[in-house]
Every structure is written in structure tokens, then in C-alpha cells.
Amino acid sequence: MSLWEMLFYILVFPGLLFLLAWTFFVFYFARKTLAYIHKRVGPHYNGPAGSLQTVWDVFKLLTKESITPKSADPYLFNIIPIITPLVAALPVILIPWTPLINNGHAILDTEYGVLGLVVLIGVEPFLLFLTGFGSHNKYSFLGGMRILAQMISMEAPFFLAALSPALLFGTMNLYEIMYSNTWLTTLILLPGAIIFIITMLGILEQPPFNIPDAEQEIVYGFYTEYAGTNYTLLKFAEFTEILVVSAAAVTLFFGGYRGVFFDSFWWLFLKIALLAVVMVAIRASNPRLRLDQMLKFTWSWLTPLAILNLVWITFAKLYIVGV
Amino acid sequence: MEKIKEILNRFDMEYVEDYKPTWVKAKLKNKNDLLDVVKALKEVGVASCSTVSPTDFPEENRMEINYFLEDIENKKNVWLKVDIDRDLEKCEIDSITPVLESADYHELESYSTFGVKFKGHPNLRYFLISADYYGKFPFRKDFDWEEHEKQLIENVNTISDEFFEEYEENEETMGHEDSRTVLHWGPTHPASGPIRLKVYVNGENIEKVEPDIGYVWRALEKLSERKDFIGTIVAVERICFMDNTNPMICYAQAVEEIAGKEITPFAKYMRVILGELGRTVSHLISMGGFFGTMGLQTFLMWCLDVREYFLDVLEDYSGARIATACIEPGGVRYPLNDYKVWFEEINKAIEKWESVKPDIEDIFMKNPLMVTRAKDTGVFTKEDVVDNYLAGPIARASNVKVDVRLDEPYAGYADLEMDYVTCESGDARDRLFIIYKEINQSIDLIKQAMKKIEEGIEAGEMDPKKDHMVKMPRRMPEGEAVSRVEWARGEMLMHLVTMPKSTNPYRLKIKAPSVNHTRILEKLIPGHTLSDIPLLYGSMHICQGDLDR
């Protein structure tokens, strides 16, 4: 890997520029879809069909003052928003994005792709807990506690669901998983995929699991004290995480960038966009769950189901796919 | 009724007389008998206190206190008066809160605004008014508002001093102690509106709640004393912007009663239509807001979309969408020059509602996550309703048959077909369902009233261009009236007092249901988790406008 190649990966694709473009896009896309369901217009004035609205919003946020509250821990409060997007962006190197780069492999083509993915995704919430802890605000702290409770209970079924393709294909390399996937195995993996998508909603704090930043209950959860640049960085991390987790779901369960007639990045993008539409539709039609109901749901339903799913995968591997 | 009169006659009364079909009016001679009377009345079922309304008579050096006591289930009500001394030191009376707890906030309000000391009240304190009015009792006739308003800077300083004092006190006494802390839910909280709930939490579990109200106190009751009888409708309609027509009906009825005027049948049915439009408009927000408390805004947007059509109807009639000022003493404000066009507009709004109804039922009323959250949460029994006097939809959700439109028919409701709309269980979900059912009932009533008007015009009995008003005298005779309407959130009661040949109200007491609905939060919320505050609070359909007035 040459220096220029590396710089291209970091700064353009699948690094900074790509993630920024994605953030602008998904922000706009979610707003517009949600507006359609709400019977509103949504962003309208800036750019064609309001497409530049989110860009202006981000720049407006960047020009605002970044306030550090008197009572907050200044180091923790200001350093976490820098670390969070970096950690959120790390899993990008493990995912095979397009056939054009690295012969279709991920940039870091490793035997432990799935493992790296789930670990890096799983670290993120603990950083967000620290934002709530460092703010030293009652509402932020409650948000931080909620995110810990939610993550610990969501990650067990999340890991178990992510393991199911690795178990079926006998490899943790994401490229190999992607290429081993056929229409038949997609069907076999479907229960695992559904569990993965449900837990994904929990890990991304999307409704009905947007408990840690429940606006009506605890103001804005761990975001409460953040403003300006710090807030932008945290939001950037959130959207990056949405991209990474959705891309992971598509790569693990729905064949990544492989598609009908030709393989391309756009197939991956289309699949992610469809997933985003599902997420927005759930968000637009379902109220939030209570914390204790969420805990009960994950521990007494989701986790046992994820284990049962592994049993099903083993069965399918032995008798349907054949070893 | 006879039983109540018999009990009242046992005591030393100036008079006991019938008033309207459902009321007994009585005046007590000796204020020391009050508690015994109330206890005796409670035994025969008059167990709810609607409101407490003092009237100040400085010339006669007396303060007349009116108690409005109601038997919700049997519709027998008592209007009890008693005179006390007006001097601040002697201005005291026994508190009836230990007997009827629904009087609690109303007595606090009377204490704060009139300085009536209630002996034996469990926690007598200044309430509702801001710190600059403490000890000045602003609703007394001798309170100088102009003088008070001149000292603007001092007043603002008093308020901010009180705030900082409380802040420092909170810092000392309400710090973190193991997992216990105090959260201030409001007045700038995203879901609270201008009210503050002091929430004592242990982790996520709530141990105690103390409502702090008065953030939108506009002294509407006092304001109306400065306006003439027509101008008062502008003050009255601003109780709450959501349902704006029904308070005006209530006020207009009280004035008409004192003037001894009867309005035309056309105006009666117009009042039904306008009142039900106001109710629908308000319920649409309540229904959407219920889901908003659980983080789902879609339904609110859909409801606001439908609401626009109903607001168009109000705009067509009165020229305004929110503050319509369209009902005044003597009838309704405007004639209908072309009634068919307006009815067409109403039908358009009804069609819009009918078109979204199937979607609403499928997506939202049966939503499994909503059911998970709201079912069996915050249940009220019949006893809760009677003891705390919960009104309107909240009472009907607990299967208590109460509706002023049927109990004491006003406007044109006596001639229309309607029945009590109730739900069985009284949990938060039923408090949503009842709203949905009531919108359908309102629309049915609008259709009936429109039909009556059409028939009346065809038969030549009504003239929509002339019949809207009867002439009201410019100066009112001396008198006193109580008027009730079924407001969107429950019973609204107005107590109007006039002086001879007066051009403005002498005293207008407005009782609005949100006061009791806020008080019940103290009992309702503890025991739940933090996530349930917005849900339970939203399920009470509280409007801070009518809470503070």
C-alpha cells in the first residue's frame, strides 16, 4: 500500500469525505422521508428540493460557540467528542466497500473481520456513557446510565446474531462471507438478520429504543450539555455508526456489494438505503419503549432467540447446506 | 334534593332555596358550622368540591365565600355561601380539605389571591402567584394594580431573589445522596410546558412529585373586572387556546341569566356547532400530544393536518382561527349570510376526518407498543374520581357517567340525541380512547345541529341573518349566577357577580378542570419510573392556560 493510496483511503474513500457526504445524505434522506410520512414538506428552500439544508445546518452548528459548562469535567467533556467519531469510523477498514478497491477485499483483509467489527461497534456506547459522565448534569448522567444498561443487554443478542453467518460459512473473513452467500443461505440467515436489525436499532439508539436520549423524559440524555462543534462531532459519530452498522448488516446477511448483473458499490448503497427506509418507517410509526420493558424484551426474548438461531444455523449447516 | 335540604335546614341558615334543577343554594349564618355541614353533606354523597370562590365586599366589610359542592353520580349540587370578616387578621375559616380533598388547590388559590386563611389546611402556602404578590392578595378590591405595576424593577428583583434563594436552598438540601436526587421537570423541559414538577427520584424510580404552577398566571379573573361585559369574552376565551369557544358559552350564559334574557333557537344550535368545533379542535391536539409524549410525532402531525380543516371553518365564521371571540352574551356574534356555504365547509372538514379515521385506528389506536406502554398504567378508580373530582374525559375514562351537556343541558343540547361516552378501565390507554370516541360524538352532534338549523330555516322558524342575537341591556341589574359547560377537558364553572347598573363584572370566578388534574399527579406518578412521567402527564390532557388562568 503506497502512501498516496493510504491518504486516499483515509481522506476520501472510505474515509473522511465519504463519511461526511454520507452524513449529509442520510440526514437529508431521513428528514425528507420522515416529512413525507408526517404529511409535511420537509427541507425545501436551500438547494434542489432542499438538499443543501443539512449542509447549511452543519456549518451553522460549527459556527456556534462550544460551551463547556462550569460544573463539567473539562478534559473528559471535550476529548470524548474527538475520540468518538474516530472510533466510530474505524470499522470502515474492515468492510469490503467496492470491487474497485483492493480487488474487492476490505482495506484490512483479515481472518478476524467479524470479530473486529463487533468489538469496534461495541466500544462506541461506552464512550457515549463517558460524555454523560463528564457533563456532570443530572439528565446527562441518567442518559449515560441508560445507554450502559441498553448496550449491555443489546450486545449479547447482537454478537450472537453477527456470529451466525460466520458459523454457517466457517469463516470470519467478511469478503469470504459475502461471496459464500447465495439466495439459499440468505433465507437460512434471515432469522439472524432480523435479530441483527432489531438489536441494531437498540445499538444505534433508534426508535423504539431511543431510550438514552429520550427527549420527553430526560431532555436530550447524554447530549444535553453539548453545543456547537462538540455536538456536531458527536452527531457525525452517530451517523458514521449508522453507516457502519448498516453496512455490516448488509455485508453479513445480504451479500454486500454483490448484486444482480454486476457487482458495484451502488448495490451496497441501495441496500443500506433500503435499510434506512425501514428504520425511518419504524421510527415514524412506533412510540418509545420504557427502559425496563426494553431490558425484559432483550433478556427474556431476544437473547434466547439469538441462541436458538445459532442452533438453527448449525442444523442448517449439517443437513441443508451440507458441510 | 329533599334530603340535602333537610340536612341544610338542620343548621342555622339564612336561606335555603332551589337554584336551577340541579342546585340547592344556601347561606350559612355562622362560619363555625361549616365543617359540620360539609361532613353531613359528604355522608349523603355530596363528596366533591368543584371550587372555592371568595367575593370581596369592602363597603360591607365582609368576604363572602362560595363553596360549590357536587354529587357527581347523582347530579345533586350544593352552592354554599358563608360570610367572614374581611380584615386580614380576622379573615379566616375552617379548611374543608381534610374532609373533601378536592378543595385543596382551590383553597390555596383563595388564600394567595384573597388572603383567606384556611385553618387546618395541611399545607397552607402561597401558590400560583409570583413572589412579588406574596402577602398583597391581588384579587382584593383595595389592591392597587397601577401602583404595583409602577414598581416593575423591584417586582422583577423580588422574583429573581426568590429564585436564587430557592436555588441555593436546593443546592444545599437536594444534592446527590446515594442514588437519590431531585429533577426539575420543567418549565423549560421539552415535554413539560410552563409548569414545573419537582421529581424526587431514586435512580429511575420516582418517590415523590410536587407540582409548582403559576408560570402563565395572567390574573384573567381580575382582568375581566376591568373590562365591560362584551370585552370580557376576550379575556375569557384566552383561558386556553385549544378549546376557545366553550368558555365563552359559559360566560355568556351567566350574563344572560343575570339579565334574564333567553337566546333564540338559532343561536342555541349555533352554540352547539361552535362548541363542538372547539372541542374537536382541542381533542385533536390532545390525541396527537399523547403519542408525542412517547416520542412519536407522526400522529400529532396527522391530527394537526385534520385540525386545519376545522380551523378553516372557524375562520370562515369569525375571521380568526384560534382566538375567535365568536360568542357573546345574547347569542352568537355574527349572522350567517349564506348558511349553505358554511355548512359545506363543515362537511368538508368532517369528510377529511372520516377519511383518516381508518388509518388512525389501524396504525395508532391498535399500536402494540402504545398498548405495552399505556395499558394498566395510571389507573383511576371511581373513588379516585369522586374524591379528587376529576372531570370530563378523565372521569368518563374511568366509567363515571358525568357530562354537563346531559346533566344540566345548556344551549341546544337538550334537543339533540346523545349519550354518555365511557370507557371501562380508567388507565392511560382509555384516556386516549375516550378522546377519540368524543371526537366522533362531537361530529355527530355537529351534524344533528346542522340538520336542526336547516329544518328551522326551511320551516321559516329561523332567520340566520337576524336571529343570531337578542338585544342585551347595556347595564346589568344586581345579580349572581353560576354557569357550567362541558369544556374539552371537563366541567367549566363560572361564578359571576354583578352590582346594580354595572357595566362590568364585579367578580368572575373561573373554575377549570386542569387544577384538580394537576393535583392528582402528586398521587399518580410516584411508584412509576422516569419514563412514565410524560406519558401520565400527557394522558391527563392538562393545559397550563386553564391551570393558571
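Here is how names work: the chains are called A, B, and so on, in the same order as the sequence lines, proteins then strands, and each is numbered from 1. Values in this document were obtained by computation on a predicted structure and should not be read as measured data.
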| remark: Interatomic distance, CG@Leu291(A) vs CG@Asp532(B), rounded to 0.5 Å, equals 11.0 Å
| Toward chain A, the part of Thr529(B) with a non-hydrogen atom under 4.5 Å | side chain
| task | To the nearest 0.5 Å, tell me how far Phe299(B) CZ sits from Ser285(A) OG. | result | 13.0 Å
| request: Could you look at Leu369(B) and say if it's the side chain, the backbone, both or neither that has a heavy atom under 4.5 Å from chain A? | output: both
| task | Could you tell me which portion of Val356(B) (side chain, backbone, both or neither) has an atom closer than 4.5 angstrom to a non-hydrogen atom of chain A? | result | side chain
| What distance separates Leu530(B) CG from Tyr139(A) OH, expressed to the nearest 0.5 Å? | 7.5 Å
| query | Just by distance, do the side chain of Arg373(B) and the backbone of Arg288(A) share a donor-acceptor pair under 3.5 Å? | reply | yes
| Of the backbone (N, CA, C, O) and the side chain (C-beta and beyond), which part of Ala284(A) lies under 4.5 Å from a heavy atom of chain B, both, or neither? | both
| query | Are there residues of residues 24-40 of chain A that reach to under 4.5 Å of chain B by heavy atoms, and which ones? | reply | Ile37(A), His38(A), Lys39(A), Arg40(A)
| Within 6.0 Å of CZ in Arg283(A), more than 12 heavy atoms from elsewhere | no
| query | For Asp292(A), which residues count as a salt bridge (Lys or Arg N to Asp or Glu O under 4.0 Å) partner, sequence neighbours excluded? | reply | Arg290(A)
| query | Counting heavy atoms not belonging to Ile79(A), are there more than 12 under 6.0 Å from its CD1? | reply | no
| Taking atom types as modelled, is there a side-chain donor on Ser531(B) or Arg146(A) under 3.5 Å from an acceptor on the other? | yes
| Between CG on residue Asn367(B) and CG on residue Asn286(A), distance to nearest 0.5 Å | 5.0 Å
| Residue selection (most heavy-atom pairs with chain B, distance under 4.5 Å) from Leu142(A), Ile211(A), Val219(A), Ile218(A) | Val219(A)
| request: May I ask you to name which of Leu535(B), Thr293(B), Ile533(B) has the most heavy-atom pairs under 4.5 Å with chain A? | output: Thr293(B)
